[in-house]
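Written out below as structure tokens is the structure these notes cover.
Here is the naming used below: chain letters follow the sequence lines, and residue numbers restart at 1 for every chain. Only heavy atoms go into these numbers, but all of them, side chains included; no hydrogens, no water, no symmetry mates.
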Amino acid sequence: MSLAERVRDALTSALDSCGLGEHVGAVSWTVERPKRAEHGDLATNVAMALAKKVGRPPRAIAEELVKALASSDAVASAEVAGPGFVNLRLRPAVFHAELAAILRAGRAWGRAPAATGERVDLEFVSANPTGPVTVASGRNAILGDAVARLLEARGCHVTREYYVNDRGNQVRRFAESVKAAADGREPPEDGYKGAYVAELAAWLRQVEPAVLGGDLEGLGRVAVATMLRGIPGSRTLPGIRPSLADLRVRFDVWSSEEALHRWGAVDAVMRRLDAGGHLVRKEGALFFKAPEGATDDKDRVVQKSDGTWAYFASDVAYFADKIARGYDRLVIVLGADHHGYVTRVRNSMAALGLPAERFEALLYQLVFITKGGQAVKSSKRAGNVLTVDEVMDEIDEAAGRKGAGADALRFFFLSRSANVNVEFDMELAKKNSLDNPVFYVQYGHARLCSILRKAESLGIEAPRHLPEGAWAKLAHPDELAMAHKLADFPGVVTEAAALREPHRIVFYVQELARDFQSYFTRLKGERDPILPPDSTRAEEGWEARWDLGKTRARLAWILAIRDVYAAALDLVGVSAPERMDRPPAEGDDTPDE
RNA sequence: GCGCCCGUAGCUCAGCUGGAUAGAGCGACGGCCUCCGGAGCCGUAGGUCGCAGGUUCGAAUCCUGCCGGGCGCGCCA
């Protein structure tokens, strides 16, 4: 039971003893953490909620409730405030009990493995396999992966899926461009011009020359496969799969659009639509009819007048296939520029008699790439894209740590809601690569680890279980406040997962970091160190004077913070380093004005 | 024109299923290095929550209209 639930129970029984029991269930009321600490640990609006129902002024009800709470073993004190709020202060033992529960759960704190059991297919990234992973699709990858982690924390069985658009115009153009590069010609008009195309051609000439002389279809297949896999050791063409892996994004399933056609899934699903009267031929093409009443959509082409299938045709087959695979929910992460697509898919599912309500689109606003404040028009075909590898390499190098770039990039994108546009400045990203707040948060974790290491070196163990009564030594207001915050974490995870909003986790862990670092510095000023300092240990018979019980309680508390810290960082896929060494400052690299 | 997203401190953004005196980071200014990690800590300044109505005990939060920005409304994906 969560802390808020326990307090809610205490309030309910107190109201019951006031003779208000029958009304309590009939109105909705909250137990929430007030914004201001002076208003207590928790506050309830129950008196205001009951006022109308009972026909008494809220403050009068509140007064009575406060009296009834006097005998509660969870509430230390209660007072009426403002229009009828009841502010509650909890007994330290309540927080101590939470800490004990956290230490029992360890890094699983906040996870609810049995909560839903839903089988979820989460499709994300699905960028055309004709170029490297850009920072723009990096947002998709990072958001999708973080949502997957959140859903898993709530007991969903998540399949991470990448839909590979491995047929159609783009792939044909890509193949033509590779072929042109191999022949030393310029790429076609609307072909791909990036440096990786030439590298790909050179590589194929080396390892698979025959395919360059074959048909475009075969070349396209090999080119796409190489894009996905990458060229070993290449920084120009590291491969979509390895790039994403460096971002800590992995997929369970790579679905092929081409395979849907080859196996007849597209034909089959189109026949079903036709049989249901959902297709109409007009203007020489075949259209999916917008259903009656769906004012916000039009007829959509499934087969072009030249007889080739439009992408939408394979999409319909693809979603039908996912449903057939037995998922309870189909989530897809899309950039805002694709939002028109959502209704279309839902309509087509409904037309096929499939449960369209299982389909859920997660939209995020677009990333604008700028350079020194100027907008950069980047296009995969023009080859002037900013790749996640470039950015990660840069930050890894500056921080002197592999993975720092992935941490920074993940934190950057996850520290704002998906609903806002983000600007990503190429120059700023490189220049200020160590400015990312992720390093501040990670530093806090490293500090916690450092204290535990120090304790160990002094022969003091950080206990995962404290004997009865030992928690009482943990009495510093900051310590209890942080325990409260740790107790909040499961609620934060639940909410973040329900709303598919991983940024809530990022804000939470930032607050945790701030709270701890602030506390830690304050202790210094209070001359109340957690561990016996060198000077103390130099004194004769210091052990007798040192309060080891308090130290143990605090170390247990630190262990709990570290567990939650690590759990939170893991939910957003950011590493929790045990040490962080500041990279050597480049003295000669001061900016010249 | 229609649809979706956004408009909150100088900048970047939280808060939006209604609650009390609206928060954080960066930037600015001023402080704090005797032992557990200074990638740190404390403080100050800074806000008509785009505008106007409405709903109610109470609105940044819900509703309507308007203004401003982003995206979409292809036989492109």
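- Per the geometry, CZ belonging to A/Phe424 stands 14 Å off C1' belonging to B/U12, to the nearest Å.
- As a whole-Å value, the separation of A/Asn419 CG from B/U8 C1' is 15 Å.
- We find that OH of A/Tyr440 is positioned 14 Å from C1' of B/G37, with the value rounded to whole Å.
- Taking a pair to require two hydrogen-bonding distances under 3.5 Å in either a Watson-Crick or a G-U wobble arrangement, B/G74 remains unpaired.
- As a whole-Å value, the separation of A/Glu32 CD from B/U17 P is 11 Å.
- Between A/Asp407 and A/Arg401, at least one side-chain nitrogen of the basic residue sits less than 4.0 Å from a carboxylate oxygen of the acidic one, meeting the salt-bridge criterion.
- Atom CZ in A/Arg453 sits roughly 13 Å away from atom P in B/C36 (whole-Å rounding).
- Looking at A/Ile505, A/Val506, A/Val441 one by one, the single match for side chain to side chain contact (heavy atoms under 4.5 Å, CB included) with A/Leu569 turns out to be A/Val441.
- Here A/His503 lies in heavy-atom contact (under 4.0 Å) with sugar-phosphate atoms only.
- In this structure, A/Tyr443 reaches the B/A39 phosphate: one of its side-chain N or O atoms is under 4.0 Å from OP1 or OP2.
- Pairing of B/G40, defined by two Watson-Crick or G-U wobble distances under 3.5 Å, is identified with B/C32.
- Across all strands shown, A/Asp528 has no heavy atoms under 4.0 Å from either base or sugar-phosphate atoms.
- Atoms CZ and CG, from A/Arg504 and A/Leu571 in turn, are 14.5 Å apart once rounded to the nearest 0.5 Å.
- Contact check on A/Glu543 versus A/Arg537 returns no salt bridge, with no Lys/Arg side-chain nitrogen under 4.0 Å from an Asp/Glu carboxylate oxygen.
- Near RNA chain B, defined here as any heavy-atom distance below 4.0 Å, the residues from residues 367-382 of chain A are A/Phe368, listed numerically.
- A sub-4.0 Å separation between OP1 or OP2 of B/G37 and a side-chain N or O of A/Ser450 is present.
- In this structure, of B/C71, B/A39, B/A14, it is B/A14 that holds the atom nearest to the side chain of A/Arg416.
- For B/C42, one of the phosphate oxygens OP1 or OP2 lies less than 4.0 angstrom from a side-chain nitrogen or oxygen of A/Ser518.
- Atom CZ of A/Arg346 and atom P of B/C4 are 13 Å apart (whole Å).
- For A/Glu161 and A/Lys322, the salt-bridge test fails: no basic side-chain N is under 4.0 Å from an acidic carboxylate O.
- Taking 4.0 Å as the cut-off between side-chain N and carboxylate O, A/Arg33 and A/Asp41 do not count as a salt-bridged pair.
- Note: CD (A/Glu257) to P (B/A77) measures 8 Å, nearest angstrom.
- Within the nucleic acid shown, A/Gln365 comes within 4.0 Å of at least one base atom, counting heavy atoms only.
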Letter per nucleotide, 5' to 3', of nucleotides 20-28 of chain B [B base touched, S only sugar-phosphate touched, - untouched; heavy atoms, 4.0 Å] | BB--SS---
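- Salt bridge absent: A/Arg173 and A/Glu176 never bring a charged side-chain N and a carboxylate O closer than 4.0 Å.
- The distance from atom CZ of A/Phe312 to atom P of B/G74 is 14 Å, rounded to the nearest whole Å.
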